[in-house]
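Reading through the structure tokens given below for one structure.
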Amino acid sequence: MNRSVVILGVQWGDEGKGKIVDLMTRHSKYVVRYQGGDNAGHTIFLNEKKLVLHTIPSGILYEGVLNLIANGVMISLKSLSEELESLESHGIDAENRLAISGSCFLVLPHHVAIDRARERREGSKIGTTLRGMGPAYEDKVARRGLKLSDIFHVKYFQKRLKEIIDFHNFHLVHYYHSSSIDYQKTLEETLYNSKRILKIVKDVSEILHKAHKRSEPVIYEGAQGAMLDIDQGTYPYVTSSNTTSGGVSLGSGIGPKRCIGHVLGVVKAYSTRVGLGPFPTEINGPIGKYLRKRGMEYGSTTGRPRRVGWIDILMIKKSIECNSISSFCLTKLDVLDGVETIKICVSYQNKQGKRIYTIPSSSEDWKNIEPIYEILPGWKRSLYKTRDYCLLPKEAISYVNRIEELTGISVCIISTGPSREDSIIIKNPFHR
Ligand code: GDP
Ligand code: IMO
Ligand code: MG
């Protein structure tokens, strides 16, 4: 029996995946990150204390659950070490609940330097998190990346690091007119920061393979969202990994039939995105400000204000198809409290007045379209922290039902506040 639940973002990230993974972890034995890196920022709460996780899976608060960082994740050793220390300072025994694959590729200082240099140039600006993610994935695909397990072979690691830094310094200095990266300093820092991490290197694929053979429950935790997927997203304004469910298999070393069980798509009750790129339903006026303030829509990793907009059914449908979504978790419904009328984008229209029902492919096509909305009444009463479906205002239930009708996917969890308890579980994805 397949008892895996993939929990991933349906929109442009920050849908509340961390909260939902934390909520669902009590039903699981393993929580696995399989792509992205410390560009992610997943918020969870330990009692009243807010914790933001970047590379460590969101199951880390539970004793007896093994959190796994699988091969598809990019590792910044410094950032991961700091994250471990931060969790320990909150009394969480993180190191003993965590294992990491030696096949993870490293994010090194030259990756961050290149990311920064590109973001300084108007022509190549994406609005990245400046964590070096793009350049690190590029090195992997160019077959010049370094893996965590390479550090066990110090001589080999030194030689390769020198070659790679020389290669990138040429570009940094001569093309980007930036400072070069110091090889010796990078080597020393990398070896120093790797000390703790190397102790928890394990064969993650093998652990997962055995877990699946024993039919144990596993959560695969996505980072970013489907619209930021390198292949399926709003390219080039995307991240550099496969954030959709296909990435689970590639990023964990487990065949798709084994690792992709139930796919729980986390959808925010409105839309947000950080960084540049198309956003047809973006709200620029006072309602946008209202939602940003109520939803505290500021980046968990960078602190940047998130752009805010109405929910977009076309994007969601695309996401359903490319992820094989089984059910939805609708988050932040409480943030819409007090909005007089709520809009749902049901199609686009081009400048010639032609209706469009699919997502454009070229970034140029986006300039030509505007959203067509269906309008629903809002609700006045606050549903913040509501834990019982029957207590939801009838307008909120109509909104949820309309999303289900338009997408053909059932909402099985509704989230009404940031803490684990602020949730309405209509149907548990582990009980199927
Ligand atoms: P992630 O990257 O998908 O894990 O999402 P983030 O943690 O970056 O952003 C989601 C933000 O919304 C966090 O501050 C959460 O604490 C908060 N949050 C999650 N679910 C809810 C909810 O249902 N209602 C409210 N008001 N806040 C929520
Ligand atoms: P979580 O997991 C929202 C966005 C960046 C930028 C683009 C590329 O918290 O949902 P990158 O640094 O990856 O090269 O940036 O992707 N981005 C995110 N947006 N949530 C995230 O993660 C994101 N991770 C990257 O803002 O637009
Ligand atoms: Mg986030």
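By convention here, the first residue in the shown sequence is residue 1. In each ligand, atom 1 is the first atom listed, and ligand 1 is the first ligand listed.
- Contact annotation: for P418 versus ligand 1, heavy atoms closer than 4.0 Å belong to both the backbone and the side chain.
- For S103 (side chain) and N71 (main-chain N/O), no donor-acceptor pair under 3.5 Å exists by modelled atom type.
- Ion pairing between a basic and an acidic side chain is recognised when a charged N comes within 4.0 Å of a carboxylate O; K343 and E374 show no such pairing.
- With hydrogens left out, the protein atom closest to atom 2 (O) of ligand 1 is G41 O, 2.9 Å, a heavy atom.
- The closest approach between a heavy atom of R306 and any atom of ligand 2 is not below 4.0 Å.
- Ligand 1 has no atom lying under 4.0 Å from any heavy atom of G9.
- The shortest N/O to N/O separation between R294 and ligand 1 does not fall below 3.5 Å.
- Counting atoms of ligand 1 from 1 in the listed order, those under 4.0 Å from a heavy atom of F45 are 16 (O).
- For ligand 2, the atoms sitting less than 4.0 Å from at least one non-hydrogen atom of G275 are 27 (O), numbered in the order shown with element in parentheses.
- The closest donor-acceptor contact from the side chain of S101 to the backbone of A70 lies at 3.5 Å or more, if one exists at all.
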- Task: Run the numbers on K268 and T272 for side-chain hydrogen bond (donor to acceptor under 3.5 Å, both in side chains), then give the verdict.
- Result: CA-CA 8 Å; K268 203 179 272 190; T272 59; 2.8 Å; yes
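- Between G41 and ligand 2, a contact under 3.5 Å exists for at least one N or O pair.
- Side chain of R273 to backbone of L276: a donor-acceptor contact under 3.5 angstrom is found.
- The shell of residues lying under 4.0 angstrom from ligand 2, judged by heavy atoms, excludes G9.
- In this structure, R131 does not count as a contact residue of ligand 2, since none of its heavy atoms falls inside 4.0 Å of the ligand.
- Against a heavy-atom cut-off of under 4.0 Å, K17 is close to the following atoms of ligand 2: 1 (P), 2 (O), 10 (O).
- For F170 and H174, the ring centers sit closer than 6.0 Å to each other.
- The ligand atoms of ligand 2 that sit less than 4.0 angstrom from a heavy atom of A223 are 2 (O).
- Comment: E216 engages K29 in a salt bridge, judged by a side-chain N to carboxylate O separation of less than 4.0 angstrom.
- Close contacts of ligand 2 with W12, meaning ligand atoms under 4.0 Å from a residue heavy atom, involve 3 (C), 19 (N).
- No donor-acceptor pair under 3.5 Å is formed between the side chain of R144 and the backbone N or O of E138.
- Those atoms of ligand 2 with a heavy atom of G127 less than 4.0 angstrom away are 5 (C), 6 (C), 26 (O), 27 (O).
- When non-hydrogen atoms are compared, ligand 1 lies under 4.0 Å from neither the backbone nor the side chain of Q11.
- Contact atoms of ligand 2 toward H42: 1 (P), 2 (O), 9 (O) (distance under 4.0 Å to a heavy atom of the residue).
- Here K19 has side-chain heavy atoms under 4.0 Å from ligand 1, and that is the only part of it that gets that close.
- Geometrically, ligand 1 and L333 share no nitrogen or oxygen pair separated by less than 3.5 Å.
- Nearest protein heavy-atom contact of atom 27 (O) of ligand 2 is V274 O, 3.0 Å.
- Close to ligand 2: V238, with a non-hydrogen atom less than 4.0 angstrom away.
- Checked for salt-bridge contact, R381 and D337 miss the test: no charged N lies under 4.0 Å from a carboxylate O.
- Residue nearest to atom 7 (O) of ligand 1, selected from L51, V52, V21, T43: T43 (by heavy-atom distance).
- Ligand 1 has a nitrogen or oxygen under 3.5 angstrom from a nitrogen or oxygen of K332.
- A donor-acceptor contact shorter than 3.5 Å is absent between the side chain of N39 and the backbone of T129.
- Between R306 and ligand 1, an N or O atom pair is found at a separation short of 3.5 Å.
- Taking distance alone, with nitrogen or oxygen atoms compared against 3.5 Å, G18 approaches ligand 1 more closely than that limit.
- With waters neither drawn nor counted, the protein N/O/S atoms under 2.8 Å from the Mg ion (ligand 3) amount to 2.
- H42 and S300 form no side-chain donor-acceptor contact under 3.5 Å, judged by distance and modelled atom types alone.
- A cation-pi arrangement, defined by a distance under 6.0 Å to the six-membered ring centre and an angle within 45 degrees of its axis, is absent between R306 and Y270.
- Side-chain N/O atoms of R33 and S58 include no donor and acceptor closer than 3.5 Å.
- Near S300, meaning under 4.0 Å from one of its heavy atoms, ligand 1 places the atoms 6 (P), 7 (O), 8 (O).
- Ligand-side atoms of ligand 2 in range of R304: 5 (C), 26 (O), range being under 4.0 angstrom from any heavy atom.
- At a 4.0 Å heavy-atom cut-off, ligand 1 touches T416 through the backbone alone.
- If you number the atoms of ligand 2 from 1 as listed, the ones under 4.0 Å from a heavy atom of T128 come out as 6 (C), 11 (P), 12 (O), 14 (O), 15 (O).
- At the top of the distance list for atom 3 (C) of ligand 2, counting protein heavy atoms only, stands D14 OD2, 3.2 Å.
- Ring centroids of H27 and H431 are separated by less than 6.0 Å, placing the two rings close together.
- Remark: E119 does not engage R116 in a salt bridge, criterion side-chain N to carboxylate O under 4.0 Å.
- Side chain of Y290 to backbone of G285: no donor-acceptor contact under 3.5 angstrom is found.
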- Task: Decide yes or no on side-chain hydrogen bond (donor to acceptor under 3.5 Å, both in side chains) for Y298 and D14, but give the supporting numbers first.
- Result: CA-CA 10 Å; Y298 295 88; D14 303 327; over 6 Å; no
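- Between R273 and ligand 2, a contact under 3.5 Å exists for no N or O pair.
- Closest to atom 25 (C) of ligand 2, if we only count protein heavy atoms, is Q224 CG, 3.7 Å.
- Heavy-atom proximity to S415, at under 4.0 Å, picks out these atoms of ligand 1: 20 (N), 21 (C), 22 (C), 23 (O).
- Looking at G16 next to ligand 1, an N or O pair under 3.5 Å apart turns up.
- Salt-bridge check for E189 with K185: passed, with a basic side-chain N closer than 4.0 Å to an acidic carboxylate O.
- Not one N or O of G13 is nearer than 3.5 Å to an N or O of ligand 1, by distance alone.
- The heavy atom nearest to atom 4 (C) of ligand 2, considering only L228, T243, T239, I230, is found in L228.
- The distance criterion of under 3.5 Å between nitrogen or oxygen atoms is met by D14 with respect to ligand 1.
- Looking only at heavy atoms of the protein, atom 12 (O) of ligand 2 is closest to T129 OG1, 2.6 Å.
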